[in-house]
Amino acid sequence: MSNLKEILINKNICKSVWFMRQAGRYLPEFREIRLQNQNFINLCLNSELSSKITLQPINRFNLDSAIIFSDILMVPYALNQKVEFLKNHGPRLENFNLDKFLKNNDLDFIKKLKPVYKAIEITRKKLNKEKSLISFIGAPWTLLVYMIGVKQNKNEIDLEIINKKKNEIDLILEKLINYLCLHIENQVRAGADVVQIFDSWAGLIPQEDLNNFCYSPNSKIVEFCRKKEIPVICFPRGIKKNYKDFNNLVKPDGINIDYNIDPKWAKENLKDTVIQGGLNPKILLLPDEEIYSNTKKYLDAFKGLPYVFNLGHGMLPETNPDKVNKLIKFYREYQ
Ligand code: 1CP
């Protein structure tokens with residue numbers, strides 16, 4: 001059995017490291033491919049290239065796990081909502097239309113995502129058996145934020161729209177849960193070992209709606225994974241001390257902490273799970289000694305516990321790959 005998968009199932013105390021956005025713009029070999037492929041969705045649909053990009057950080061750093069090169073917004077794309085990635089602007093989605101959304105069906109959805117499954121198949125064949133291949137989805141709430149366009153800026157959503165459309169939102173979330181479970185099942189069937197659920201905008205949910213928009217949808221998906229024996233890691237980014245309730249209610253095999261969570265607090269409050277991540281990606285922009293001292297905080301706090309080393313959010317595009325190499329070396333040699 002492969003490394004990360006085994007840690008999640010058996011709660012082994014075993015060294016393992018991978019990074020969110022380990023494939024991407026900080027790597028010159030990715031930028032070279034990206035330059036030739038201006039349409040990001042088409043790049044994600046190119047199975048050979050997607051597999052090649054997935055393996056770039058493995059070949060460069062010998063990381064313990066690979067995460068398939070794709071995007072959480074491939075799901076709205078497969079649900080026939082137009083998605084574009086504009087240069088220096090991020091994603092832009094076509095206006096949401098409920099009738100159109102409700103006309104989708106499972107078969108067409110899977111058909112549109114076939115190239116992702118093919119990329120997983122190709123990658124699993126090329127990847128060393130000891131390494132896990134991670135698949136992922138965006139959590140229903142985080143996808144909804146993009147799909148109905150309620151994000152006003154980096155840290156705020158339009159609560160008025162949310163409150164006005166509660167019934168519609170419940171319906172969309174329910175439908176998304178079904179499609180997301182289907183997407184997980186097909187990724188695992190293609191050869192993925194683990195799934196990570198990115199709830200990147202969970203931190204924007206008002207306290208009183210956390211159950212409805214975050215805990216409950218994540219629970220349903222984790223429950224599905226449990227039935228299918230698929231190891232699952234959750235990442236409810238930005239929910240602060242609610243991480244404790246999340247962990248107690250959702251009970252994922254693993255939980256990625258963000259960089260606002262104190263590792264000592266996490267150790268005391270997040271029980272019966274494998275903790276992953278935490279280090280602020282900005283630390284990688286600092287001198288070596290500061291990288292090492294900040295890394296030690298996490299490694300010392302989780303000593304004697306199963307802990308998967310990772311970041312508290314994705315790698316920044318301005319990261320120097322040499323620093324990443326030094327960080328991995330430090331982690332592997334640290335006792
Ligand atoms: O070259 C480019 O311009 C594209 C940059 C890029 C990359 C490399 C985007 C656009 N997506 C990706 C790949 C990606 N996205 C992966 C690949 C695997 C890996 O980690 O190496 C993964 C797991 C994601 C997940 C993803 N996409 C999330 C969840 C994680 C997170 O960052 O919070 C989110 C929110 C997205 C949406 C997205 N995709 C890309 C952008 C610029 C955004 C928007 C982010 C935002 O709204 O701030």
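Both ligands and their constituent atoms are indexed starting at 1 by order of listing. Hydrogens, waters and symmetry mates are skipped; everything else that's a heavy atom, side chains included, is used.
Hydrophobic cluster membership differs between L285 and F61, with clusters built from Ile, Leu, Val, Met, Phe, Trp and Tyr side chains linked at under 4.5 angstrom.
Interface of F30 with ligand 1, defined as ligand atoms under 4.0 Å from a residue heavy atom, comprises 1 (O). Below 4.0 Å from some heavy atom of F198 lie the following atoms of ligand 1, by number and element: 23 (C), 29 (C), 30 (C).
Annotation: atom 11 (N) of ligand 1 to nearest protein heavy atom, D71 OD1, 2.6 Å. For atom 34 (C) of ligand 1, the closest non-hydrogen atom of the protein is I72 CD1, 3.5 Å. Remark: minimum distance from atom 7 (C) of ligand 1 to any protein heavy atom is reached at F40 CZ, 3.7 Å. For atom 40 (C) of ligand 1, the nearest non-hydrogen atom of the protein is F85 CE2, 3.4 Å. Atom 48 (O) of ligand 1 has as its closest protein heavy atom W201 CZ2, 3.9 Å.
At least one heavy atom of P91 sits less than 4.0 Å from an atom of ligand 1. Under a 4.0 angstrom heavy-atom cut-off, F235 registers as lying outside contact with ligand 1. Residue contacts with ligand 1 include S70, since one or more of its heavy atoms lies under 4.0 Å from the ligand.
Among F69, F136, Y146, Y26, the residue whose heavy atom lies closest to atom 35 (C) of ligand 1 is Y146. With distances taken over non-hydrogen atoms, the option nearest atom 24 (C) of ligand 1 out of R21, M20, M74, Q22 is R21. Checking A23, C44, S200 against atom 29 (C) of ligand 1, the nearest heavy atom belongs to S200.
A side-chain contact (heavy atoms from CB on, under 4.5 Å) with L143 is found for exactly one of I148, L173, L73, namely L73. The side-chain contact (heavy atoms from CB on, under 4.5 Å) test with P252 singles out one residue from C225, S219, C234, and that residue is C234.
Put simply, the side chain of N128 gets close to the backbone of E130: a donor and an acceptor are under 3.5 Å apart.
Few gaps surround NZ on K11; more than 12 heavy atoms of other groups in view lie less than 6.0 Å from it. Heavy-atom contacts from other residues, nucleotides or ligands closer than 6.0 Å to NZ of K166 number more than 12. For CG of N153, the number of neighbouring non-hydrogen atoms (other residues, nucleotides, ligands) closer than 6.0 Å is greater than 12. More than 12 heavy atoms of other residues, nucleotides or ligands lie within 6.0 Å of NZ in K271, so this atom counts as buried by the packing criterion.
Evaluation of the salt bridge (charged side-chain N to carboxylate O under 4.0 Å, His left out) rule for R31 yields no partner, not counting sequence neighbours. Contacts of K15 classified as side-chain contact (heavy atoms from CB on, under 4.5 Å), with partners at least two apart in sequence or in another chain: Y331.
Close placement of the Y117 and H183 rings is indicated, their centers lying within 6.0 Å of each other.
Only the side chain of H313 comes within contact range of ligand 1, with a heavy atom under 4.0 Å; no backbone atom does. At a heavy-atom distance under 4.0 Å, only backbone atoms of I68 (N, CA, C or O) approach ligand 1. With a heavy-atom cut-off of 4.0 Å, R34 touches ligand 1 through its side chain alone. Under 4.0 angstrom from ligand 1, the non-hydrogen atoms of R25 all belong to its side chain.
With a 6.0 Å cutoff to the six-membered ring centre and a 45° limit on the axis angle, K112 counts as a cation-pi contact of Y77.
Inclusion of I67 in the set of residues having an N or O under 3.5 Å from an N or O of ligand 1 is not warranted. At under 3.5 Å, not a single nitrogen or oxygen of R237, backbone or side chain, sits near a nitrogen or oxygen of ligand 1.
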